[in-house]
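Working notes for the structure below.
Sequence lines set the chain letters: A, B, ... in the order given, protein chains first and strands last, and positions in each chain run from 1.
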Amino acid sequence: MRLSQLFTKTTKNVPADETARNAQLLIQAGYIHKEMAGVYAYLPLGLRVLENIKRIVREEMNAVGGQEVMMTALQPRDIWEKTDRWDDAKVDNWFKTKLKSGAELGVGLTHEEPIVDALSGYVDSYKDLPIYIYQIQNKFRNELRAKSGLLRGREFVMKDMYSLARSQEEHEKLYDQVIKAYYKVYDRLGLGDKTYRTYADGGIFTDRFSDEFQTLTDIGEDTIYVDEAARIAINEEVYTDENLAKLGLDKSKLVKKRGVEVGNTFHLETKYTDALGVYYTDENGQRQPIIMGCYGIGISRLMGMLAEYFADERGLVWPEAVAPAKVYLARLGDDPAVVKQADELYEKLTKAGVETLYDDRDARPGEKFADADLMGIPYRLVVSKKTREAGVYELKSRQSTEVEQLGEVEVMKALAAAGQT
RNA sequence: CGGGGAGUGGCGCAGUCCGGUAGCGCACGCGGUUUGGGACCGCGGGGUCGCAGGUUCAAAUCCUGUCUCCCCGACCA
C-alpha cells in the first residue's frame with residue numbers, strides 16, 4: 001500500500017478523551033476511530049491487524065475441527081427466556097430493542113442460546129456428535145462504564161466457540177483440546193510465556209470454575225494469584241482457602257499479579273441443551289443429554305492488549321504475526337532516480353509477497369521515520385540518494401537502533417525469512 | 001449508579017473568576033527557502049463556543065435544565 005493513497009494520517013496530538021495507552025497510540029497512528037465511549041471503528045491499518053489476529057485464531061480453531069458460522073446480532077426473546085437469561089436481573093448488560101410490532105429483541109452479547117437453538121434441527125443421533133461450532137462476530141454489551149480503550153468496549157469483536165459432547169468424558173477431552181489450541185494462539189501472538197491458565201468464576205454461564213487466560217502485565221484490570229512454576233493461576237474473585245483446597249493449589253507458591261483476560265472458557269454442562277430441549281439418541285435408542293463447553297477470545301481486546309503491551313515511547317511495536325505490513329519502505333527525497341528505484345523495489349517486495357507500506361509521500365525524512373515508528377511496522381527500509389550512491393539499502397528493525405546496509409538480494413532474503421508464521 | 005473533572009474550527013488547548021459577538025499550536029491551501037529524525041518565513045481558508053431555555057442593551061463568559069466524554073469506585077460473557 002502506498003501511503004500517498006492511504007486516507008488516514010498520523011497526528012502528534014494525543015487524544016484528550018483517552019488515557020489508555022492502547023487507544024492513544026492506535027488513534028494517533030490512524031488505526032482506529034472512536035465513535036463513542038467503548039465503540040471503535042477500524043480504519044485500513046487497524047483492520048489489517050484485526051484480520052491478522054482473526055486469521056491466527058481461525059487457523060487454530062479449524063485445526064481442532066471447528067466449523068465456522070456466523071450467527072445474528074438480533075436475538076428473539078423466547079430462546080433466552082427458556083434459559084432464564086432474558087431478565088435484566090439475571091443479565092444486566094443487555095442492549096434491547098423492539099420490532100415495529102412491539103416484540104422485544106435483544107442484541108447479542110453471547111450466543112449459547114442461538115447456537116443450540118440452530119443446532120436442534122441437525123443434532124439427533126450419537127453419530128452427529130461431537131462437534132465444535134465457532135464464529136467471529138461483534139458482541140454488544142451495555143457496560144455501565146466502558147474504559148481502557150479496546151480492552152473493555154460496548155461493541156467488540158469476539159471469537160466464540162461451542163463444543164457439544166455425548167458424555168462428560170468426551171466433553172473433558174474436547175475442552176482440553178481447546179485449551180491446547182488457546183496456548184498455540186497466544187504463542188503465535190508472542191504472549192505465550194506471559195499467559196497463564198487461571199481459575200475463575202463461571203459467571204452467568206456455569207456453576208463450575210471457568211478457565212481464564214490471563215496475560216501478566218501491569219495494565220491488567222484483573223488481580224490474580226500465580227504459581228509460575230506450575231504455570232497456573234487463580235483469579236482473586238474466587239481466591240478462598242476453600243477453593244484453593246478444592247483446586248489443589250499451594251497458597252505459599254502463589255504470587256499476586258495483574259493480568260489482562262485474553263480468553264475465557266466455560267464448562268456449560270447440560271444447562272443450555274436441556275433448557276432448549278436438544279438431546280441425542282444413543283446406540284440403544286435412548287435419549288441422552290448433550291454436554292457443552294464454550295470458549296471465548298476477545299479479538300479486539302487482544303488487539304488493544306498487543307498495542308499496549310508491545311509499545312515504547314515512540315509508538316507501537318507490532319509482533320510480525322499481526323502487523324499491518326512487514327516492512328515500511330521509506331523513500332527519502334524526490335530525486336527521479338531514487339523514485340524509480342524505490343518504485344521498483346516496492347513492486348519486487350509486493351510480488352515476493354512481502355507486505356509493504358510504501359511511504360512515497362512528499363514528506364521530510366524525519367516525518368517518515370517518526371511515522372514508521374509510531375505505526376510500529378516491524379522493519380524499515382530506506383531508499384535515498386545516499387543509499388543509491390552507495391549501492392545499498394538500509395534495513396532496520398523496529399525493535400533495534402541498529403541499521404544494516406544490505407544489497408537487494410540480501411534485503412529480499414532477510415524480509416522473506418523474517419517472522420514467518 | 002456514587003464521587004471527581006471536562007465539553008470552544010478536523011485534533012490539542014487558552015479565553016469563563018472581573019459579560020462588550022473568539023485566539024494560539026497542530027493539520028489544511030498558496031508562494032518561497034529547505035530536505036537523513038516530526039523544517040522555516042510570509043499569506044490564506046475554516047469555529048457562534050455540546051444542546052435547550054432564562055437574565056441582560058449585550059452571553060463562550062452569569063442562572064436553570066439536559067446530553068456527552070474522561071478518571072476513581074461499584075459492576076464486568
Side-chain angles (χ1 to χ4, degrees), chain A residues 7-20 23-24 27-30 33-39 80 83 85 88 90-95 106 108-113 115 137-149 151-154 156 158-162 200-206 210-212 221-222 235-237 260-266 268 272 293-298 301 313-315 330-335 338 359 361-375 380 382-390 394 396 401 403 405:
Chain A
F7 78 81
T8 59
K9 57 179 76 167
T10 60
T11 177
K12 280 186 271 193
N13 293 333
V14 180
D17 61 350
E18 298 283 6
T19 51
Q24 290 180 342
I27 289 170
Q28 283 187 266
H33 166 74
K34 184 181 201 167
E35 195 63 36
M36 54 181 157
V39 181
W80 294 86
T83 59
R85 292 209 293 181
D88 288 349
K90 298 277 179 172
V91 178
D92 64 3
N93 59 355
W94 268 111
F95 277 107
L109 75 163
T110 182
H111 282 78
E112 285 76 16
E113 283 82 350
I115 288 268
Q137 196 219 28
N138 279 18
K139 296 282 189 273
F140 300 85
R141 292 191 190 163
N142 206 342
E143 304 284 354
L144 265 72
R145 183 183 159 211
K147 58 173 178 175
S148 307
L151 298 185
R152 180 166 298 281
R154 295 197 169 99
F156 55 95
M158 178 160 140
K159 184 282 302 178
D160 46 318
M161 181 151 86
Y162 305 86
D201 189 64
I204 61 172
F205 290 88
T206 169
S210 70
D211 288 289
E212 291 178 343
E221 295 185 299
D222 294 331
N235 195 303
E236 185 176 48
E237 67 195 13
V260 171
E261 181 200 319
V262 292
N264 202 179
T265 63
F266 300 83
L268 302 182
Y272 298 94
C294 78
Y295 316 87
I297 287 182
R301 170 183 282 185
E313 60 295 333
R314 292 195 312 248
R331 188 195 75 209
L332 309 190
D334 57 0
D335 180 279
V338 171
D359 194 345
R361 299 174 300 173
D362 176 22
R364 296 166 62 85
E367 196 178 339
K368 296 193 176 190
F369 295 153
D371 278 348
D373 288 342
L374 176 59
M375 289 181 187
R380 188 187 78 195
V382 171
V383 179
S384 68
K385 204 166 177 179
K386 205 163 99 185
T387 62
R388 185 178 151 72
E389 282 162 4
E394 287 174 8
K396 177 187 159 306
T401 50
V403 176
Q405 306 214 323

Approximate separation, where rounding is to 0.5 Å, of [X] [atom1] and [Y] [atom2]:
{"X": "A:Asp160", "Y": "A:Ile115", "atom1": "CG", "atom2": "CD1", "answer": "6.5 Å"}
{"X": "A:Arg154", "Y": "A:Asn138", "atom1": "CZ", "atom2": "CG", "answer": "15.5 Å"}
{"X": "A:Thr10", "Y": "A:Leu374", "atom1": "OG1", "atom2": "CG", "answer": "6.0 Å"}

For [X], answer base if it contacts any base atom (sugar-phosphate contacts may also be present), sugar-phosphate if it contacts only those atoms, and nothing otherwise; contact means non-hydrogen atoms under 4.0 Å.
{"X": "A:Thr387", "result": "base"}
{"X": "A:Asp17", "result": "sugar-phosphate"}
{"X": "A:Tyr295", "result": "nothing"}
{"X": "A:Glu394", "result": "base"}
{"X": "A:Asp371", "result": "base"}

Can you tell me how far [atom2] of [N] sits from [atom1] of [X], to the nearest Å?
{"X": "A:Asp92", "N": "B:A74", "atom1": "CG", "atom2": "C1'", "answer": "12 Å"}
{"X": "A:Arg154", "N": "B:C69", "atom1": "CZ", "atom2": "C1'", "answer": "11 Å"}
{"X": "A:Gln28", "N": "B:G38", "atom1": "CD", "atom2": "P", "answer": "17 Å"}
{"X": "A:Glu236", "N": "B:C76", "atom1": "CD", "atom2": "C1'", "answer": "14 Å"}
{"X": "A:Asp88", "N": "B:C76", "atom1": "CG", "atom2": "P", "answer": "14 Å"}
{"X": "A:Arg152", "N": "B:C76", "atom1": "CZ", "atom2": "C1'", "answer": "4 Å"}
{"X": "A:Met158", "N": "B:C76", "atom1": "CE", "atom2": "P", "answer": "16 Å"}
{"X": "A:Lys368", "N": "B:A39", "atom1": "NZ", "atom2": "C1'", "answer": "15 Å"}

field: Reference residue A:Asp371; test salt bridge (Lys or Arg N to Asp or Glu O under 4.0 Å); the match among A:Arg364, A:Arg361, A:Arg314
entry: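 Exactly one option meets the salt bridge (Lys or Arg N to Asp or Glu O under 4.0 Å) with A:Asp371, and it is A:Arg361.
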Tell me the partner of [N], counting only Watson-Crick (N1-N3 plus N6-O4 or O6-N4) or G-U wobble (N1-O2 and O6-N3) with both under 3.5 Å; none if nothing fits.
{"N": "B:G37", "answer": "none"}
{"N": "B:G73", "answer": "B:C1"}
{"N": "B:C43", "answer": "B:G29"}
{"N": "B:C49", "answer": "none"}
{"N": "B:G12", "answer": "B:C24"}
{"N": "B:A60", "answer": "none"}

message: Testing the basics here: between A:Gly149 and A:Ala23, what is the closest heavy-atom pair and its distance to 0.1 Å?
response: CA-CB, 3.8 Å
query: Do A:Asn93 side-chain atoms and A:Leu144 backbone N/O form a donor-acceptor pair below 3.5 Å?
result: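 No.
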query: Hey, does the side chain of A:Glu394 reach the backbone of A:Gln405 with a donor-acceptor pair shorter than 3.5 angstrom?
result: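 Answer holds: no.
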- prompt: Would you call A:Arg85 and A:Glu112 a salt bridge, taking side-chain N to carboxylate O under 4.0 Å as the test?
  reply: yes
task: Inspect the contact between A:Arg331 and A:Asp359 and indicate whether a charged nitrogen and a carboxylate oxygen are less than 4.0 angstrom apart.
output: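 Salt bridge between A:Asp359 and A:Arg331, a charged N being under 4.0 Å from a carboxylate O: no.
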message: I want to check one thing: is the phosphate of B:C72, taken as OP1 and OP2, less than 4.0 Å away from some side-chain N or O of A:Arg145?
response: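 A:Arg145 to B:C72 OP1/OP2: side-chain N or O found under 4.0 Å.
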field: Pair of N/O donor and acceptor under 3.5 Å linking B:G37 base with A:Arg380 side chain
entry: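 Per atom types, the contact qualifies.
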- prompt: Can you find a donor-acceptor N/O pair under 3.5 angstrom joining the side chain of A:Asp373 to the base of B:G37?
  reply: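 Counting by modelled atom types and ignoring angles, a donor-acceptor contact under 3.5 Å is found here.
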Taking [M] as the reference, what is the distance to [N] when you measure between their [atom1] atoms (whole Å, please)?
{"N": "B:G9", "M": "B:A60", "atom1": "C1'", "result": "14 Å"}
{"N": "B:G65", "M": "B:G2", "atom1": "P", "result": "15 Å"}
{"N": "B:G50", "M": "B:A59", "atom1": "P", "result": "15 Å"}

Heteroatom pairs (N/O) under 3.5 angstrom, protein to nucleotides 26-34 of chain B:
residue : atom : partner  : partner atom : Å
B:U34   : O2   : A:Arg364 : NH1          : 2.7

message: Taking salt bridge (charged side-chain N to carboxylate O under 4.0 Å, His left out) as the definition, give me every residue that meets it alongside A:Lys12, ordered by chain and number, with sequence neighbours left out.
response: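 A:Lys12 satisfies salt bridge (charged side-chain N to carboxylate O under 4.0 Å, His left out) with no other residue.
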Return the polar atom pairs (N/O with N/O) between nucleotides 49-51 of chain B and the protein under 3.5 Å, or none.
none

field: Member of A:Lys386, A:Glu389, A:Arg388 meeting the side-chain contact (heavy atoms from CB on, under 4.5 Å) criterion with A:Val338
entry: A:Arg388
